[in-house]
Undergrad: 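For reference, the structure I am asking about is given below.
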Amino acid sequence: MSKFITILEGLDRRWIFLAMAISVAGPILYIGITGKTLPETPTPTARAVYKEIEALSPGTPVLLSFDFDPASGGELTPMATSLVHQCAARGLRMVFIALWPLGPQLIDETIKRVILADYPNLKEGVDYVNLGFQSGNESVMKVMLTDFAKAFPITKNGVAVGDVVALKGIQRVDNFPLLITISAGYPGAKEWIQYVISSSGGKIKMVTGCTGVQTPGLYPYYPVQLNGLLGAIKGAAEYESLVNSSLAPKDSSAAVPAKYLEAQRRMGPQLGAHLLMIALIILGNIAFFAQRNSKVRATS
Amino acid sequence: MAEGSARIMKRLVPMWIAIIAGFVMLLSAFFPITESLGETVGEIFNVVAAIAFVLGAGSLAKVNLAKISRRDQGWGYAAITLICFAITLVVGLGKIGVPQSTQFPLLGWSGEKDAEGSIFGWIYEFALVPITSTMFALLAFYVASAAFRAFRAKNLEAILLLSTAFIVLLGRTFAGVVLTGWLPDWASGLRLENLSVYIMQVFNTAGNRAIIIGIALGVTATSLRILLGVDRSWMGSGD
Amino acid sequence: MISSALILCAISSDSSGASDVGLANTSITAAGNKADLRGKIPLNELGQEISAPPAAISISAEDVAWDAGGVIKISWQPAAGTTSATKWIIERSEVLAAGQGAGQGAGQGAGQGPWTLVAEVPIAETNAVASKLPPDASFFFRVTAVSPNGSSTVTTTKSAATGHWNFFIGAKLPLFCAILLVSACVIYFILAARRGRPMKVRRIAALEAIKDAVGRATEMGRSILFVPGIQDMDNIQTVAGLTVLGNVSRTAAEYDAAIEVPTSRSLVMEAAREAVQASYLAAGRADAYNADAIRYITDEQFGFVAYVSGRMVREKPAACFYMGCFFAESLILAETGNSIGAIQIAGTAESSQLPFFVAACDYTLIGEEFMAASAYLSGEPDQIGSLKGQDVAKAIAAIIIILGVVLATGAAIAPQGAMPAALEWLKGVLGS
Amino acid sequence: MKPSKTWVIVVAVIVVLVGIRMSIGQGMARAYVERIDQSVEVKASDTHGASTEKWTEWHPVAPKKFEAAQKADPSQTKFAFSWANTIGLWLAAFFTLAIFSFLYRDNPGYRLAEAVIIGVSAAYWGVIGFWDTLVPKLFGALTPNLVHDQVLPSLPAPTNGQVVAMCFALALGLMLLMRLAPKGGWISLWPIAFIIGVTAGLKIVSHVESDLVAQSIATFKPLVQPIVSSESAQSGWMLWPTIWASFANILLVIGVLCCLTYFFFSVEHKGVAGRAARVGIMYLMITFGAAFGFTVMGRVALLAARIEFLFDDWLWLIDPAGKRIVEVASAIGSMLC
């Protein structure tokens, strides 16, 4: 026993790294080969996101802001997929923007993955449009409050926004009843709340999908300034299962396409890593108490 | 330049530029005519920051060239940095390999810089993305080692820190559902997944709210110290 | 089931009382909701509304007082009963001066510009706002209900409305007062300190440790690493980080310790150079200043981190300071620093990163403490005074919160009493 | 063992394993592209007549499509093997492993990846700054015709205000660049002073508005809560929702006030203030613990994404998205045989 404690005390952190690698890679291989995922029970914040989108009537414009980059894609791409999936299924007019320079490419990828693949009847420029990236962080948001076309004068393809059918009737950002942001940091959900939601006087609702780091910081805003919140991959998985179950054809037992299970797949490695962390915390404390006891004994 | 006038140009003028610019921006938010001044200044800032890249690039080139010419240890890496920098800059600014845009095929420069087929896009996809996202992924390992070392029940504060992390960790995975899912409905509030939501909504909200309020006051005071010329340490803490 | 029909239908009257008869070529889908049976609206055999929806009964427009300028609020009264309409379309037409744009478009008054879209709002709304109108121009407004079956007739305002520009944005008065109040607290104590009133602040361990850390680096003959965050100069945390850098580099200059500042923005590099150079100058060590020690790496967050952590492992600085706006890199930096045994002091207002600094650094300045660091380190009475002013402002905020809680509690217990009104008043005063 | 020796062995093991993987079943890490023939009608204008512009683009495609097309018609030209993307894939895998190797210790592979990323990303952001900021904003305002004719035909014409603002920006930028001139470098402090002043002024307004005032108002919670929101009743959190809601609000208000007390600078943490500050610290610790727990999630997802890249795109061990024809299970089977 005491030998074990000594090993724990002097444990090289590289052993921890190795354990982490195994506990993440193992489940990935297992799920990748068997295709099994863990079940999810949605929490209220994830249900709220689903409800807010479902409450809109077909044809309503929604603003989707992709404020992230590929580095946080592991957490946020599944959310982007499911959010666009639900919006497309609901028949909403999707206006995509990005306040992160690398966002527009992620928008295109998501459009390709969801809309072009499964909703080919939706027309670019009519049912959805990618307005690309604008630099300026929150100052872009402020411009949007007064003049949307000034903030985003041309689409990613270079078409003047005045000629885009999907933007008909959009003068200011508050013409969108719902704002969906996918956010990885600054500028992101917090800035949207600070600069757009708080100055719109409750006209716009906002739901957001964000990284695990941001989630705690956004809770103070829910549910008054923020109407729905998907926190990290767990939120993504909950929401994904909600969307999948509501969109699945009632009679068929056809499998959900793999691309709509990305978040639920990632919950497997998540479980492995979390159990490892918990084990580490317990082991760390065993070592701590053992050491303290031996010190106490030594002094007495 | 005489000693006095140098002091004026190098110390007093900048200080007054900061003071005047600051108060103008502060007040501009309250008058309809100047309300959008903040946005304009935001654009100006972006342009200045983009121009400043010349300085950054200069510093990067200078430091690495010096390393190479001195044959410092690892000068080969400095050379790689410079070569990668030059190649990316050239293919990006020159839009090399970018196909025409489908909207305006006659305009040579209208294609997207990172379009499919461009070298810039290739660099982005196969060098920038893998390296940055793997660097980011290192955090999964560091989180584990930090938790192992720091989450020890040394005192009451540490116990609170680690037990909250513990509950949230468990509650946010399937493990929490399995461990406490048997609790009957009337006690469902004690289920781990609900407990973690409760921690978020009460304790986390309270803590973060106080931090946010404190920061707001801190920002106001810091800004005021700068705008009143009380804190001049950004231009050296001297006279 | 889709059927197409040409229907002659009567549509309700507009505000002027004149009836209108419209022709609507409509497509009806079976997906529509079952509408109420209403006398005026033709229905098909399934009881679905097949004609255009009824128009609004009346519409009015008025200037919003003390607004940001050029804002007109338009409100209208919808026809009674539910309809299948999904949205309202609001349009405007400018009143032109004599001789200007005469004869534009049929169906418009001679002195009136073309109708342009103001907004589309969901059918549940009964008002909309037209903003950014040119100063002192007058407009007519009209509203149309739109359903999948077609559009209603238009309802137009009887008289033109003008959006006057105001001198001051009234809605921001509470905000103005709040800023004034906080500023007054801070300025009062700065002035009091200058008059010689003694100011005392509690000891902040993290800031006391800075001097020791610099001293240790000097003794060990190793460098000091200072990272001023990864955001640009338009972030106040970066500015605060640089003010701390000014103080730290002065200490470093006095101790003759080498300080290294990698930055992730070109502008920050330039500003950091100014701050450090001036500090060396002030410490009388201008000769020891090395501009190349403050260098730009890359704007890319993780490229920057890759460099800094690699550099840490190779150079093994004795003290690491992280002061500014940090995101995910916080823990990579702090863990790498920890593995090389450096003294680490962090300060940030980015609350999401505080846990990692707390877990992996020796000292962490939390939010407001970080903002106060420069003032504390400078030790100048007037800067210390400003911290006292901050405290008074904080106390006022706490008192207002307590007042609000008392009122809210009262309102919850006695919803009929005066408490709810008082609560609303307080919120209104604060600008909500 | 010497570190260099360790690395030789590690690299050798990886090379051997990869070699084995390449020779088994369908192999690994190949990229394919699909030919897209673009054809755009250009309308006549003052400078040129009507024409049809044609060119070819190659877009990445799943190996499955290539294999299917090749099976149907071995001489097809629509899909092709892509050397560029295959090399890219191997490079990406190398960089991924090189960065991971830093966890063990610093090594030449990591230093190489580090050197590459610094050079590439610094230039990358410079290019982004040029095309996304300088071209549309600065040149778009000062030389609108050039930008309009060459780059962005539909960029709206600049307003007078924009032109003035951009002239000002250019002046500031040039002052900044004076740093590079042999003399007069001190003037670069002026634009920096301007930016610092502006930031300070703007941030006062935004922080007081959305943080100080809004967050204070959000704390106006009744300590006694007679009405239960349907949401919390639905999720069945508590036995007595009313008491629970009141209790939560009391905890919240106490927490906010105590944490604020902790931040007082002019009061020593003694007596009543000391006790309140201590409660505040406890709240902060719970806050940090929760945030830490939440973050672990996100970080693991990122790691999972990178490992998925290695297993899926590079090693072709798993195929969650169905990009290849050969069943994964059978591939594994063939690997074991």
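We name chains A, B, ... by the order of the sequence lines, and we start the count at 1 in each one.
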Undergrad: So for Val239(C), is it side chain, backbone, both, or neither that comes closer than 4.5 Å to the heavy atoms of chain B?
TA: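 Contact with chain B: side chain only.
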Undergrad: Tell me, for Leu267(C) versus chain B, whether the close heavy atoms (under 4.5 Å) come from the side chain, the backbone, both or neither.
TA: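 For Leu267(C), heavy atoms of backbone and side chain both lie under 4.5 Å from chain B.
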Undergrad: Where on Gln383(C) is there a heavy atom nearer than 4.5 Å to chain B: the side chain, the backbone, both, or neither?
TA: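 Looking at Gln383(C), backbone and side chain both touch chain B.
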Undergrad: Pick from Thr134(B), Leu55(B), Thr220(B): which one has the most heavy-atom pairs with chain C under 4.5 Å?
TA: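 When all of Thr134(B), Leu55(B), Thr220(B) are compared, Leu55(B) has the most.
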Undergrad: Answer yes when Arg311(C) and Glu260(C) have at least one side-chain N-carboxylate O distance shorter than 4.0 Å, and no when they do not.
TA: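 The answer is yes: the pair qualifies as a salt bridge.
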Undergrad: Name the region of Thr263(C), side chain, backbone, both or neither, that has any atom closer than 4.5 Å to a heavy atom of chain B.
TA: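 Neither the backbone nor the side chain of Thr263(C) comes within 4.5 Å of chain B.
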Undergrad: Can you tell which part of Ile51(B) gets under 4.5 Å to a heavy atom of chain C, answering side chain, backbone, both or neither?
TA: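 For Ile51(B), no heavy atom lies under 4.5 Å from chain C.
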Undergrad: Side chain, backbone, both or neither: which part of Thr132(B) has an atom under 4.5 Å from a heavy atom of chain C?
TA: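 Thr132(B) touches chain C through backbone and side-chain heavy atoms alike.
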Undergrad: Going by atom types only, do Gln237(C) and Gln231(C) share a side-chain donor-acceptor pair under 3.5 Å?
TA: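 There is no such pair (donor and acceptor under 3.5 Å, judged by atom type) between the side chains of Gln237(C) and Gln231(C).
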Undergrad: Tell me, for Ser145(B) versus chain C, whether the close heavy atoms (under 4.5 Å) come from the side chain, the backbone, both or neither.
TA: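 Both parts, backbone and side chain.
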Undergrad: Where does Ile179(C) contact chain B at under 4.5 Å (heavy atoms): side chain, backbone, both or neither?
TA: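 Side chain only.
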Undergrad: Which atoms of Asn208(B) come close to chain C, meaning under 4.5 Å heavy atom to heavy atom: side chain ones, backbone ones, both, or neither?
TA: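 For Asn208(B), the contact with chain C is made by the side chain alone.
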Undergrad: Does the side chain of Trp75(B) reach to within under 4.5 Å of the side chain of Arg70(B), using non-hydrogen atoms?
TA: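 Sidechains of Arg70(B) and Trp75(B): no contact.
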Undergrad: Do NZ/NE/NH1/NH2 and the carboxylate oxygens of Glu335(C) and Arg149(B) come within less than 4.0 Å?
TA: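 Between Arg149(B) and Glu335(C) there is a salt bridge, with a charged N closer than 4.0 Å to a carboxylate O.
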Undergrad: What part of Gln390(C) gets closer than 4.5 Å to chain B, counting heavy atoms only: side chain, backbone, both or neither?
TA: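 Gln390(C) touches chain B through backbone and side-chain heavy atoms alike.
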Undergrad: Quick one: salt bridge (charged side-chain N to carboxylate O under 4.0 Å, His left out) partners of Lys67(B), sequence neighbours excluded?
TA: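 With neighbours one apart ignored, the set is empty.
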Undergrad: Of the listed residues (Phe356(C), Phe370(C), Phe176(C)), which shares the most heavy-atom pairs with chain B below a 4.5 Å separation?
TA: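 Most pairs with chain B among the choices: Phe176(C).
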Undergrad: Are Phe326(C) and Phe357(C) an aromatic pair, judged by ring center distance below 6.0 Å?
TA: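 Here the rings of Phe326(C) and Phe357(C) have centres that are less than 6.0 Å from each other.
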Undergrad: Could you check whether atom OH of Tyr188(C) has more than 12 heavy atoms from other residues, nucleotides or ligands sitting under 6.0 Å from it?
TA: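 Open.
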Undergrad: Are Lys388(C) and Asp391(C) close enough for a salt bridge, meaning some N to O gap below 4.0 Å?
TA: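 No, no charged N to carboxylate O under 4.0 Å.
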Undergrad: Does either side chain, that of Thr336(C) or that of Ser309(C), offer a donor lying less than 3.5 Å from an acceptor on the other one?
TA: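 Looking only at side-chain atoms, Ser309(C) and Thr336(C) do not form any donor-acceptor pair under 3.5 Å.
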Undergrad: What residue in Ile236(C), Ile332(C), Leu387(C) has the most heavy-atom pairs under 4.5 Å with chain B?
TA: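 Ranked by contacts with chain B, first place is Ile332(C).
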